[in-house]
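I'd like to ask you about the structure that follows.
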Amino acid sequence: MPEPLLHFIVPFSVLVMCGIGLKKSAFFASFALVPDLDVLFHIHRSFSHSAIIIFLLCAPAVIIPAVKHSGRTYDAAMVTLVVLSHPFLDMFTYFTPLFWPLYNYSIYIVAELMTNMENIAKVQWVFDIKLQPVMFNQTLSIDAPIFTSPCVAVTLVITLGLVLNNFVRKKIGF
Ligand SMILES: [Zn+2]
């Protein structure tokens, strides 16, 4: 799975780029970590990674404010998209039950372009959509990184870009 830091920094950077403030973006982006709370029950990629379930759970938070005209509909919709980003990213690293229970197969998308340094012209494009029946099995231990070195580097670069962009907008008026 992408590490939690990556699950956070991707929607965070998108929200900031959409013009949402840093604190609000950080708060919203933290909801991207919610699907992985299933590890507390020793299951990873459980129903919490289903877009159908996420949509059903989040729908009242979007619809009720819309009916009451409370002005929170937009925020709830943003948070829903943030949570949905989690299984979307997971789907590119391993089997994810994205459409369970409507579709009883977990989806794993492999999209890679490989080359060899001895013959850089020789490239190998791999694109595969793998399927396996959905299984929600408990495991005694789940080893997973909270973050890795490449993820820290990506996070630092993105954060620096967002801070610089914020600084330039405020000080120079771009
Ligand atoms: Zn996950």
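Atoms within each ligand, like the ligands themselves, are counted from 1 in listed order. These figures come from a predicted structure and were not determined experimentally.
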Ring pair (Phe, Tyr, Trp, His ring centres under 6.0 Å) filter on Phe8, not counting sequence neighbours, yields Phe12
Taken to the nearest 0.5 Å, the spacing of Ile107 CD1 from Tyr94 OH works out to 14.5 Å
| request: Tell me, please, if His7 has any N/O/S atom, main chain or side chain, under 2.8 Å from the Zn ion (ligand 1)? | output: no
The side-chain hydrogen bond (donor to acceptor under 3.5 Å, both in side chains) partners of Ser85 (sequence neighbours excluded) come to none
The atom name of the N, O or S atom in His49 nearest to the Zn ion (ligand 1) is NE2
In Asp90, the N/O/S atom nearest the Zn ion (ligand 1) carries the name OD2
In Asp36, the N/O/S atom nearest the Zn ion (ligand 1) carries the name OD1
Closest non-hydrogen contact found for Val134 with Tyr103 is CG2-O, 4.4 Å
